[in-house]
Novice: 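Just passing along the structure, written as structure tokens.
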Amino acid sequence: MVNHSSPILFFDSGIGGLTVLRKARVLMPERRFVYIVDNKGFPYGLWKEDKLRLHLLTLFGRILKKYKPLLCVIACNTASTLVLGDLRTAFPDYSFVGTVPAIKMAAKHTRSGLISVLATPGTVRRAYTQDLITSFASQYFVQLVGSERLAGYAEDYLRGQTVDLNVIKAELLPCFVEQNGKYTDIIVLACTHYPFLINIFRKLALWPVDWLDPAEAIAQRACSLLPPCRNKIEPGEDIACFTVAQMDFTVRRLFHSFGFKCAGLV
Ligand code: DGL
């Protein structure tokens, strides 16, 4: 039997999932959220696939047992493109919504036919990402840009630390492609951390582009999967849990500003 007061679980290696969560909150203000930060595993972008798969399946075994969520939102492209199918197979009693590069949406809207996908090195290497290109954007030029440092920079930036604009620029520039007088017109933000850097990206862009953030679409999908709820949902706190206890003041303040109480370890 569905318990409507069970939380919606958000999962990411870091703070990136908050870019999806803030959209979900608007659509589901009455719901309760648990946000799991695998800060011990951060960053996922450089993990070997087999190791990360095993790590995530083991971790989810623990998480699901403890929180029994109504729905799980894997608010991480690097994890979703690797284990979404495995999670559904391993835990058939739970529903999962993934976050994967918005290549289909970009293909629908590009005018120049030049699309860039800015992601972690893990996400650009995935067979899942290649399949998205083959299925939805094979007639276009898709530039995959794997950044080793931007997710970490987004973490630093939100904690109020100084970030080196020259490094960000160097990571961003390969997204801007010119071919036969045509220019990249859409850059897909395929890491949930990146929307936090959007103002910096806009400032550093070589020319105006559309920055595609699928957060809203993911939140809508999550909302659409929830069973209708006739009775009042019991109010409860939204909590954030971590896989390692590095909850310094800036992290606690950040999660607090998003309405979460930091509740300790997973
Ligand atoms: N936020 C994660 C994503 O969307 C990646 C961060 C990391 O490198 O762990 O891919």
Side-chain angles (χ1 to χ4, degrees), residues 9-24 35-56 59-60 63 72-87 96-103 105-106 116-130 132 144-159 163 167-168 171-172 175 187-198 200-201 211-219 221-222 240 242-244 246 251 254-255 258 266:
L9 191 135
F10 269 71
F11 178 84
D12 188 24
S13 56
I15 55 162
L18 291 170
T19 61
V20 184
L21 178 118
R22 62 187 174 184
K23 304 287 180 187
Y35 188 109
I36 307 288
V37 187
D38 184 13
N39 51 336
K40 191 173 180 189
F42 182 86
Y44 282 168
L46 300 171
W47 279 60
K48 291 237 170 7
E49 292 197 346
D50 283 352
K51 263 187 118 175
L52 184 58
R53 182 181 290 111
L54 183 65
H55 170 75
L56 288 167
L59 184 57
F60 263 85
I63 291 172
C72 301
V73 179
I74 312 299
C76 173
N77 292 260
T78 317
S80 299
T81 50
L82 182 67
V83 291
L84 199 53
D86 299 301
L87 286 170
F96 294 90
V97 173
T99 306
V100 300
I103 290 166
M105 216 191 287
S116 289
V117 177
L118 184 60
T120 67
T123 300
V124 306
R125 271 198 309 268
R126 301 273 188 264
Y128 194 111
T129 304
Q130 201 47 58
L132 287 175
L144 293 173
V145 179
S147 163
E148 292 196 3
R149 303 183 62 177
L150 286 178
Y153 266 38
E155 297 260 334
D156 293 347
Y157 183 62
L158 272 212
R159 286 173 193 175
V163 291
V167 176
I168 297 185
E171 303 272 294
L172 201 59
C175 292
I187 298 180
V188 178
L189 299 175
C191 169
T192 52
H193 279 70
Y194 299 169
F196 283 133
L197 294 173
I198 190 69
I200 296 179
F201 289 171
W211 303 91
L212 199 55
D213 173 10
E216 178 102 46
I218 293 153
R221 173 83 185 132
F242 301 77
T243 51
V244 72
Q246 276 169 0
V251 176
L254 177 66
F255 275 92
F258 274 83
V266 171

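Atoms within each ligand, like the ligands themselves, are counted from 1 in listed order. Throughout, residue positions are numbered sequentially from 1 according to the sequence presented.
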Novice: With a heavy-atom distance limit of 4.0 Å, tell me whether Phe42 approaches ligand 1 through its side chain, its backbone, both, or neither.
Specialist: side chain

Novice: Select one of side chain, backbone, both or neither to describe which atoms of Asn77 lie under 4.0 Å from any atom of ligand 1, heavy atoms only.
Specialist: both

Novice: Polar contacts were defined as any N/O atom of the residue lying under 3.5 Å from an N/O atom of the ligand; does this apply to Thr120 and ligand 1?
Specialist: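 N/O-N/O distance below 3.5 Å does not exist for this pair.
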
Novice: If we ignore hydrogens and angles and just use 3.5 Å, is the side chain of Glu148 paired with the main-chain N or O of Pro121 as donor and acceptor?
Specialist: no

Novice: Side chain of Thr192, backbone of Ala75: donor and acceptor closer than 3.5 Å?
Specialist: yes

Novice: Just list the side-chain donor-acceptor pairs under 3.5 Å for residues 41-49, sequence neighbours left out, or say none.
Specialist:
unit_1	atom_1	unit_2	atom_2	d
Tyr44	OH	Asp38	OD2	2.5
Trp47	NE1	Gly41	O	2.9
Trp47	NE1	Pro43	O	3.4
Glu49	OE2	Arg126	NH1	2.9

Novice: Could you tell me the residue and atom name of the protein heavy atom closest to atom 10 (O) of ligand 1, and the distance to it rounded to 0.1 Å?
Specialist: Thr78 OG1, 2.5 Å

Novice: Quick check: does any side chain N or O of Ser80 sit under 3.5 Å from a backbone N or O of Ile74, one acting as donor and the other as acceptor?
Specialist: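 It does hold such a pair.
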
Novice: Using a strict 4.0 Å cut-off to heavy atoms of Tyr44, name the atoms of ligand 1 that fall inside it.
Specialist: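 Per the distance check, 7 (C), 8 (O), 9 (O).
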
Novice: Indicate yes or no for a side-chain donor-acceptor contact from Thr81 to the backbone of Thr123 under 3.5 Å, with no hydrogens or angles considered.
Specialist: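 Answer holds: no.
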
Novice: With distance as the sole criterion, is a donor-acceptor pair present between the side chains of Asn39 and Thr243 under 3.5 Å?
Specialist: yes

Novice: Looking only at heavy atoms, is any part of Ser13 under 4.0 Å from ligand 1, and if so is it the side chain, the backbone, or both, or is it neither?
Specialist: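 For Ser13, only side-chain atoms sit under 4.0 Å from ligand 1.
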
Novice: Relative to ligand 1, is Asp12 under 4.0 angstrom through side chain, backbone, both or neither, heavy atoms considered?
Specialist: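 Only the side chain of Asp12 comes within reach of ligand 1.
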
